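What follows is a short report on a single structure.
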2 protein chains.
Amino acid sequence: MKWDELREEDCPVARGLSVIGDRWTMLVLRDCFLGIRRFEEMQARLGITRHVLADRLRKLEADGVLRRDQYQERPARFEYRLTEKGKALYPVLVSLVAWADQHVPAREQSGITLLSRDTGEPLEPTLTDAKTGQKITHLTVTARSNR
Amino acid sequence: MKWDELREEDCPVARGLSVIGDRWTMLVLRDCFLGIRRFEEMQARLGITRHVLADRLRKLEADGVLRRDQYQERPARFEYRLTEKGKALYPVLVSLVAWADQHVPAREQSGITLLSRDTGEPLEPTLTDAKTGQKITHLTVTARSNR
DNA sequence: TTCGTAAGTTCCAAAAAGGAACGCACTTGT
DNA sequence: ACAAGTGCGTTCCTTTTTGGAACTTACGAA
């Protein structure tokens, strides 16, 4: 299965991965969430090749995850910002961080801690049901196919 | 940056992606969460080439996400099951499903709905702080680097 | 005039993925 | 007995994707 076929799949996992399912995309989005907006800065921070970065930015724009804003004319210069669709990926990013912190050891201390903007306290991200507040784990959930 | 270098990064996003940051891995894990355990069945369901599937299963085993259990001798036959580390990826998978359902439209109806195993009601997955129950969004959180 | 900055593009080599067929050690059906 | 089927891969070859470095274009500053 190729990338274009993946996007046409019925399963939401497959469709999600058609957007973020590669080595670089979530790293680009991480930088976007950290406020990085420009090509040069991303390239320097990420250690991605310019070629691939240009390609990913274009795909993310085409998918509506990033918006390309011109911030100067002549020479034309652009910056990339998260759209609402892009911002909605935050839980995926945070879940990934939480998992990696617990299960993929770093040589040194873990890279980042998440803090509440209100209280400054460290956060412990948990997936719950919005209505009942019940924790969501593979034991408490079943999946039903809609067909 | 190559795969091996990614794993050595300080950032937990990078370390997480060194395990699940490719087109196929999360699809393999999706099937594992659905109870699929054998090579042939995965290959048939996923439309992945046998070569790549064999490679991913090996990598996931090496990373401690799956366990390879021999279920018969002569000829030796194996099945793959999630370890605790693998099961801990459930929130990442669910966050991805929730995002794709809302933001990556399918041609037909969405593939799956998540139901509470207790009540049978549909679930609305939300990321909250385990202590305060506060919702976690990119607006309510700051990240601090630990160095 | 040369240097630096920003956002790419071009070119070529290396790595990864796709596709189909083959191998091996059984088990089952006729 | 013999052919076909099952399960889990591996091999071989082609296509796609990355990596790495240099080049381009349009400026502003020293």
Side-chain angles (χ1 to χ4, degrees), chain A residues 1-9 14 17-29 31-32 35-63 66-81, chain B residues 1-9 14 17-29 31-32 35-63 66-81:
Chain A
M1 200 188 303
K2 309 230 179 103
W3 283 111
D4 358 346
E5 300 171 275
L6 199 59
R7 184 174 269 99
E8 302 303 320
E9 284 281 303
L17 289 171
S18 78
V19 180
I20 61 159
D22 79 283
R23 174 138 104 253
W24 290 111
T25 299
M26 285 304 283
L27 286 169
V28 171
L29 294 177
D31 273 13
C32 291
I36 311 301
R37 297 197 171 84
R38 300 191 182 173
F39 189 95
E40 288 296 319
E41 198 175 358
M42 289 185 192
Q43 203 271 321
R45 288 171 48 94
L46 290 171
I48 188 178
T49 60
R50 310 175 71 76
H51 189 86
V52 173
L53 177 57
D55 182 73
R56 290 301 176 280
L57 289 171
R58 232 170 284 294
K59 278 187 185 159
L60 286 168
E61 195 199 351
D63 285 331
L66 297 180
R67 188 173 38 241
R68 187 162 174 265
D69 283 353
Q70 183 158 1
Y71 66 89
Q72 123 182 345
E73 296 186 23
R74 327 214 41 243
R77 291 284 179 269
F78 303 91
E79 52 186 25
Y80 296 89
R81 288 162 181 266
Chain B
M1 202 187 303
K2 309 228 178 103
W3 284 111
D4 0 346
E5 301 170 275
L6 200 58
R7 185 175 268 96
E8 302 303 319
E9 285 280 303
L17 290 171
S18 78
V19 180
I20 62 160
D22 80 283
R23 174 137 103 254
W24 290 111
T25 299
M26 285 305 283
L27 286 169
V28 171
L29 294 177
D31 273 12
C32 291
I36 311 301
R37 298 199 171 82
R38 299 189 182 174
F39 190 94
E40 288 297 318
E41 198 175 356
M42 287 186 194
Q43 203 271 321
R45 289 172 48 93
L46 289 171
I48 189 177
T49 61
R50 309 175 72 75
H51 189 86
V52 174
L53 177 57
D55 182 74
R56 289 302 176 280
L57 290 171
R58 232 170 284 294
K59 278 187 185 159
L60 286 168
E61 195 199 351
D63 285 332
L66 296 181
R67 189 174 38 241
R68 188 160 175 265
D69 282 354
Q70 184 158 0
Y71 67 88
Q72 120 182 348
E73 296 187 23
R74 328 212 46 238
R77 291 287 179 270
F78 304 91
E79 51 188 24
Y80 297 89
R81 288 163 180 266

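Chain letters run A, B, ... following the sequence lines, proteins first and then strands; every chain starts at 1. Since the structure is predicted, the reported quantities are computational estimates derived from the model, not experimental observations.
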Subject >> Nearest-nucleotide comparison on DNA chain C, the residue closer to the 5′ end among Glu5(A) and Lys2(B) >> reply: Lys2(B)

Would you tabulate the pairs of protein nitrogen or oxygen atoms and nucleotide nitrogen or oxygen atoms of nucleotides 3-7 of chain C closer than 3.5 angstrom?
{"from": "dA6(C)", "atom 1": "O4'", "to": "Arg77(A)", "atom 2": "NE", "distance (Å)": "3.1"}
{"from": "dA6(C)", "atom 1": "O3'", "to": "Tyr71(A)", "atom 2": "OH", "distance (Å)": "3.2"}
{"from": "dA6(C)", "atom 1": "N3", "to": "Arg77(A)", "atom 2": "NH2", "distance (Å)": "2.3"}
{"from": "dA7(C)", "atom 1": "OP1", "to": "Tyr71(A)", "atom 2": "OH", "distance (Å)": "3.1"}
{"from": "dA7(C)", "atom 1": "OP1", "to": "Phe78(A)", "atom 2": "O", "distance (Å)": "2.7"}
{"from": "dA7(C)", "atom 1": "OP2", "to": "Phe39(A)", "atom 2": "N", "distance (Å)": "3.3"}
{"from": "dA7(C)", "atom 1": "OP2", "to": "Glu40(A)", "atom 2": "N", "distance (Å)": "3.3"}
{"from": "dA7(C)", "atom 1": "N7", "to": "Glu40(A)", "atom 2": "OE2", "distance (Å)": "2.6"}
{"from": "dA7(C)", "atom 1": "N7", "to": "Arg50(A)", "atom 2": "NH2", "distance (Å)": "2.9"}

Subject >> Under 3.5 Å: donor-acceptor pair, side chain of Glu5(A), backbone of Lys2(A) >> reply: yes

**OP:** Tell me whether the OP1 or OP2 atom of dG18(C) has a side-chain N or O from Arg23(B) closer than 4.0 Å.
**Re:** yes

Subject >> Under 3.5 Å donor-acceptor, Glu41(A) side chain and Ala44(A) backbone >> reply: no

Original post:
Checking Arg37(B) against Tyr71(B): charged group under 6.0 Å from the ring centre and within 45 degrees of the axis?
Top reply: no

Subject >> Val28(A) side chain near Ile36(A) side chain, heavy-atom distance below 4.5 Å >> reply: no

Original post:
When the distance from CG of Asp4(B) to P of dA15(C) is rounded to whole Å, what number comes out?
Top reply: 11 Å

Original post:
Can you give the first and last nucleotides of DNA chain D, 5' to 3', that have an atom under 4.0 Å from a heavy atom of chain B?
Top reply: dG7(D) to dG20(D)

Original post:
Got Phe39(A) and Arg77(A) here, is their nearest side-chain heavy-atom distance under 4.5 Å?
Top reply: no

Original post:
Does any non-hydrogen side-chain atom of Leu46(B) lie less than 4.5 Å from one of Arg56(B)?
Top reply: no

Original post:
Would you call Lys59(A) and Asp22(A) a salt bridge, using N to O less than 4.0 angstrom?
Top reply: no

**OP:** Could you state the atom-to-atom distance from CD of Gln72(B) to C1' of dC24(C) in whole Å?
**Re:** 14 Å

**OP:** Measure the shortest side-chain to side-chain distance between Cys32(B) and Met42(B) over non-hydrogen atoms and say whether it is less than 4.5 angstrom.
**Re:** yes

Original post:
Is the side chain of Glu40(B) donor-acceptor paired with the backbone N or O of Gln43(B) at a distance under 3.5 Å, no angle test?
Top reply: no

**OP:** Measure from CD on Gln43(B) to C1' on dA21(C) and round the result to the nearest Å.
**Re:** 13 Å

**OP:** In whole angstrom, give the distance that lies between atom NE2 of His51(A) and atom P of dA13(C).
**Re:** 16 Å

Original post:
Starting at the 5' end of DNA chain D, which residue's closest nucleotide do you reach first, Trp24(A) or Arg74(A)?
Top reply: Trp24(A)

Original post:
Between dA16(C) atom P and Leu53(B) atom CG, what is the distance in whole Å?
Top reply: 17 Å

